[in-house]
Amino acid sequence: MNLHRRVDSGLSAQDERSINALLIAYATAIDTRDWALFRSCFTADCKADYSEFGSWTDVSTLTDYMREAHSRLGPTLHRISNIQLSGAQGGATAHCYVDALLCQMNNDGPVHRGIGSYEDFLVRTGDGWKIARRIFKPMILE
């Protein structure tokens with residue numbers, strides 16, 4: 001049995017590394033409240049659908065929402081895993097899991113958890129890969 005079977009994404013190894021790094025940078029940006037880094041993960045005209053949290057059609061309003069929503073929270077921990085990539089017409093697709101822990105500002109309240117997946121369409125720009133479209137599919141929100 002060959003346990004080292006690799007699924008070919010149709011992307012170069014460098015593109016795969018760059019997209020993986022982008023998805024991790026997104027999670028890191030939220031947890032560190034680095035909104036410049038967060039903005040850099042998306043195209044200016046991105047389309048983002050975060051289910052019951054809302055939908056946005058540009059990076060500015062998406063960033064404003066995330067900044068405001070996280071300003072009322074204490075520490076957060078967004079973990080990205082099970083990243084699957086594939087080359088696509090005009091860019092690439094990514095499917096990954098997200099598991100987010102959201103603590104209250106004073107640590108006295110409950111810890112909230114959001115588990116689900118991101119379905120992304122990414123494009124290569126002069127500044128590297130960016131998320132052009134994102135759909136968050138929640139599984140557990142508590």
Side-chain angles (χ1 to χ4, degrees), residues 3-142:
L3 298 178
H4 300 286
R5 182 175 163 255
R6 183 175 183 282
V7 177
D8 186 7
S9 68
L11 296 165
S12 72
Q14 180 57 49
D15 285 337
E16 287 184 5
R17 283 190 298 274
S18 296
I19 293 169
N20 280 316
L22 170 68
L23 297 173
I24 299 305
Y26 161 83
T28 301
I30 291 177
D31 294 336
T32 61
R33 310 310 199 261
D34 184 339
W35 303 116
L37 177 59
F38 180 88
R39 275 176 140 340
S40 75
C41 295
F42 294 87
T43 61
D45 62 348
C46 68
K47 308 283 187 273
D49 179 352
Y50 279 72
S51 185
E52 64 192 59
F53 299 105
S55 297
W56 298 269
T57 58
D58 64 86
V59 71
S60 292
T61 56
L62 173 61
T63 305
D64 290 346
Y65 170 81
M66 291 295 185
R67 180 185 295 118
E68 174 61 26
H70 289 83
S71 72
R72 299 183 301 267
L73 294 171
T76 60
L77 179 64
H78 289 72
R79 294 170 288 190
I80 304 291
S81 66
N82 296 57
I83 300 171
Q84 297 176 331
L85 305 175
S86 182
Q89 181 73 23
T93 61
H95 173 88
C96 64
Y97 298 160
V98 57
D99 183 356
L101 297 174
L102 311 167
C103 298
Q104 298 300 310
M105 185 70 75
N106 58 10
N107 289 326
D108 290 338
V111 174
H112 297 286
R113 191 164 192 189
I115 300 171
S117 63
Y118 292 132
E119 301 280 343
D120 296 330
F121 179 75
L122 306 106
V123 294
R124 187 195 326 259
T125 72
D127 295 324
W129 286 95
K130 308 266 185 197
I131 302 166
R133 290 193 309 270
R134 165 164 281 177
I135 298 172
F136 169 61
K137 296 185 175 181
M139 178 187 280
I140 298 171
L141 299 173
E142 52 186 21

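As the structure is a prediction and not an experimental result, all values here were calculated from the model. Quick note: numbers below take in every heavy atom, side chains included, and nothing from hydrogens, waters or symmetry partners.
- To the nearest 0.5 angstrom, Ser81 atom OG is 8.5 Å from Ile24 atom CD1.
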Query raised in the report: Could you walk me through whether Arg39 and Ser60 pass the side-chain contact (heavy atoms from CB on, under 4.5 Å) check?
Result: CA-CA 8 Å; Arg39 275 176 140 340; Ser60 292; 3.1 Å; yes
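- The heavy-atom pair separating Leu37 from Ala25 by the smallest distance is CD2-O, 3.8 Å.
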Query raised in the report: Please walk me through it: do Asp45 and Asp58 pass side-chain contact (heavy atoms from CB on, under 4.5 Å)?
Result: CA-CA 4 Å; Asp45 62 348; Asp58 64 86; 5.7 Å; no
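- Looking at heavy atoms from C-beta onward, Ser12 lies out of side-chain contact with Arg17 at the 4.5 angstrom threshold.
- With a 4.5 Å cut-off on side-chain heavy atoms, Asp64 and Trp56 do not count as touching.
- A heavy-atom distance below 4.5 Å is found between the side chains of Glu52 and Leu141.
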Requested in this report: Before giving the answer on side-chain hydrogen bond (donor to acceptor under 3.5 Å, both in side chains), spell out for Ser71 and Arg33 the whole-Å C-alpha distance, their side-chain angles and the decisive distance to 0.1 Å.
Outcome: CA-CA 9 Å; Ser71 72; Arg33 310 310 199 261; over 6 Å; no
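- No side-chain N or O of Thr43 forms a donor-acceptor pair with one of Arg133 less than 3.5 Å apart.
- Of all the heavy atoms in Ala92 and Ile19, the pair that sits closest is CB-CD1, 3.9 Å.
- Dense packing is recorded around CZ of Phe136, with more than 12 heavy atoms of other residues, nucleotides or ligands lying under 6.0 Å away.
- Scanning all heavy atoms of the two residues, the minimum distance from Leu122 to Thr93 falls at CD1-C, 4.1 Å.
- Side-chain contact check for Trp129 versus Arg124: some heavy-atom pair is nearer than 4.5 Å.
- At distances below 3.5 Å, not a single donor-acceptor pair connects side-chain atoms of Asp99 with backbone N or O atoms of Arg79.
- Residues Cys46 and Arg134 are not in side-chain contact: their nearest non-hydrogen atoms beyond the backbone lie 4.5 Å or more apart.
- More than 12 heavy atoms of other residues, nucleotides or ligands sit less than 6.0 Å from atom CE of Met105.
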**Report entry** Stepwise side-chain contact (heavy atoms from CB on, under 4.5 Å) test for Thr28 and Asp34
**Finding:** CA-CA 8 Å; Thr28 301; Asp34 184 339; over 6 Å; no
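- For the pair Lys47/Ser55, no side-chain contact is recorded, criterion being any heavy-atom separation below 4.5 Å from C-beta on.
- At least one side-chain heavy atom of His78 sits under 4.5 Å from a side-chain heavy atom of Leu102.
- If you take CD1 on Ile115 and CD1 on Ile140, they are separated by 4.0 Å, rounding to the nearest 0.5 Å.
- In this structure, CZ on Phe38 lies 8.5 Å from NE2 on His70, to the nearest 0.5 angstrom.
- Considering all non-hydrogen atoms of both residues, Gly90 and Val123 come closest at O-CG1, 3.7 Å.
- Rounding to the nearest 0.5 angstrom, the gap separating the CG atom in Leu23 from the CG atom in Asp120 is 6.0 Å.
- Summarising the geometry of Ile80 relative to Cys96, their closest heavy-atom pair is CG2-SG, 3.7 Å, with the distance given to 0.1 Å.
- Between atom CG of residue Asp31 and atom CG of residue Leu101 there is a gap of 9.5 Å, rounded to the nearest 0.5 Å.
- In this structure the side chain of Lys137 never reaches within 4.5 angstrom of the side chain of Ser51, judged on heavy atoms.
- Ring centroids of Tyr26 and Tyr118 are separated by less than 6.0 Å, placing the two rings close together.
- Going from atom SG of Cys103 over to atom CG of Leu73 covers 8.5 Å, rounded to the nearest 0.5 Å.
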